[in-house]
There are 2 protein chains.
Amino acid sequence: MADQTLPAQIADQLRRDILRGILRPGMSIKERDNADKLGVSRTPLREAVRILATEGLVELRPARSPIVSIPSVKQVADDVEVLLAIEKMSAELACARATEAEIDALAAIVDVMADKFDTVDAVEMFEIDMSFHAGLARAAHNPSLADIHSTFLSRLWRSRFLSAIQRRNRERVVDHHSQIVAALRARDTDAIRTALGAHLDRLAPDIINVITQEIEQASATADRKDDL
Amino acid sequence: MADQTLPAQIADQLRRDILRGILRPGMSIKERDNADKLGVSRTPLREAVRILATEGLVELRPARSPIVSIPSVKQVADDVEVLLAIEKMSAELACARATEAEIDALAAIVDVMADKFDTVDAVEMFEIDMSFHAGLARAAHNPSLADIHSTFLSRLWRSRFLSAIQRRNRERVVDHHSQIVAALRARDTDAIRTALGAHLDRLAPDIINVITQEIEQASATADRKDDL
DNA sequence: CAACAAATTTCGGTATACCAAATTTGAACG
DNA sequence: CGTTCAAATTTGGTATACCGAAATTTGTTG
């Protein structure tokens, strides 16, 4: 837990807080306050905030406090559009390039998911889900592609999470993942395209629904202030 | 030229130096030296280096001097693969979403290119070329997509430049661009796909050739040191 | 009581000081 | 002459000091 740089660790901490909703969209992230709270100086915290900015999780405003991004519906829709394209591309490349070991690892994730099916809570289940998609991106053997995939994944993490826990269709997810793994094993590009399509096509409208709701709620609750 | 933040300006300066080859791949970017040279302190320079790191132009090594990235053939090939996918996706979306004004702007760029044909130097011609592709990405009306497009464009800028000046086929470039604009006007997705395909398909092998050559040269010339 | 203006506080941006790790240098020894 | 180890220096990482611009508060006035 300590081989990462300090700014990266701070970014991890802040990212968790944002994705879990502890730092809510629109909240300001004051450098001094948060630095004190985490027991570090402003310099590494500042750098951590920049990291999160490149991920789109916070928004930098010149000469003003950075705020937790409050993505518009349009922005989320755009991000989803890109993420879908990246995942489709990754899957097709993985179909040609994934090693058997990588496919085994993905299959193992599906097994874990099927096992823990109704014992595990939403957050953990969702993290397993995301690890499957990250693994699929990595199996394309293109680090640049995997990079931007993880960027958009984290950018949409919270929306996707809110969407996922809403409709608890775990068995369908496991089923889809199994089909994807099967297509990988068969090296069948067409099959993986349809399997992933079935898995992801509902994603866009679902996520956009969730975000629309959240924005409506947010406009009801007015301005917020950073706690202690 | 002053509405940008200071780190962004510094990053611009360093980026130019890298892309123009003044800062050669493998050179170390020492914080104190470059800060002094540019008349700023380490803090904003440091931040500028981080910006370039996210663009892939410099490589950060924990507790060591950052160096100008010396991309491997594999990395360049991966980047090209991603860039091609992004440009194809952008073009198809632009076909459906570009406004007439945006298409006009692209057409104007093609005209400028045709005009300056044999009066302008390689660098300027290339910058016009790149502005066309950036404009095409923007016409897709998806800022997230345009963002990563510009990232990969700058990451490959130098390779693409070296490749472009090598084979001076300006008329073919103008011709291709014209076809792309025509396809946009006709809102013909298939046509734009083939036009862009013709334009870009030669890109991958060309760039990879150039990089392979440069790496061979670099291994001949041994280690380098930062000047003054 | 409302509204505007001035003073004060807050906060991000930049510069600088300090520290620890890493590199380099050079001297001593084989 | 080469190798090795330690002292000195270089360098990135972090903390802090300082500054100017925002934002907030307060006091005054209509």
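Naming: A, B, ... by sequence-line order, numbering from 1 per chain. What you see is a predicted model, and the numbers here were worked out from it, not measured in a lab.
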Q. Within less than 4.0 Å of OP1 or OP2 of D:dA23, is there a side-chain N or O belonging to A:Arg64?
A. yes
Q) With nearest nucleotides of DNA chain D determined for A:Ala63 and A:Arg42 from heavy-atom distances, which residue corresponds to the more 5′ nucleotide? A) A:Arg42
(Q) So B:Thr43, base contact, sugar-phosphate only, or nothing? Heavy-atom distance under 4.0 Å. (A) base
Q | Nucleotide nearest A:Pro44 (side chain, heavy atoms from C-beta), chosen from D:dG12, D:dA15, C:dA15 | A | D:dA15
Q) Could you state the CD1-P distance from B:Ile51 to C:dG13, rounded to the nearest angstrom? A) 12 Å
Q: Check the distance between C:dT14's P and B:Gln9's CD and give it to me in whole angstrom.
A: 9 Å
Q: Could you tell me whether the phosphate oxygens of D:dT11, OP1 or OP2, come under 4.0 Å of any side-chain nitrogen or oxygen in B:Ser65?
A: no
Q.
On DNA chain D, compare the nucleotides closest to A:Arg32 and B:Pro62; which residue's is nearer the 5' end?
A. B:Pro62
Q) Which one, D:dG12, C:dT16, D:dT14, comes nearest to the side chain of B:Ser41? A) C:dT16
**Q.** Salt-bridge present (B:Arg20, B:Glu127; N to O < 4.0 Å)
**A.** yes
Q) Between D:dA15 atom P and A:Leu38 atom CG, what is the distance in whole Å? A) 11 Å
Q. Would B:Asp78 and A:Ser144 count as having a side-chain donor-acceptor pair, cut-off 3.5 Å?
A. no
Q. Any luck finding a side-chain donor-acceptor pair between B:His177 and B:His199 under 3.5 Å?
A. yes
Q. Is A:Lys74 atom NZ crowded by more than 12 heavy atoms from other residues, nucleotides or ligands, each under 6.0 Å away?
A. yes
(Q) As a test of reading the structure: which of D:dT16, C:dG13, D:dG13 is closest to the side chain of B:Glu31, going by heavy atoms? (A) D:dG13
(Q) Could you tell me how far apart A:Leu45 (CG) and D:dG13 (P) are, to the nearest whole angstrom? (A) 16 Å
Q | B:Ile29 CD1 - D:dT11 P separation (whole Å) | A | 14 Å
Q.
Could you tell me how far apart A:Arg46 (CZ) and D:dT16 (C1') are, to the nearest whole angstrom?
A. 14 Å
Q | Lys NZ or Arg CZ of B:Arg155 over B:Phe152 ring: under 6.0 Å, within 45° | A | yes
Q | Nearest-angstrom distance from the residue atom CZ of B:Arg61 to P of D:dG12 | A | 9 Å
Q. Does A:Arg50 make a side-chain N or O approach to OP1 or OP2 of C:dG13 shorter than 4.0 Å?
A. yes
Q: Return the value, rounded to whole Å, for the distance between atom CG of B:Asp36 and atom C1' of D:dT11.
A: 13 Å
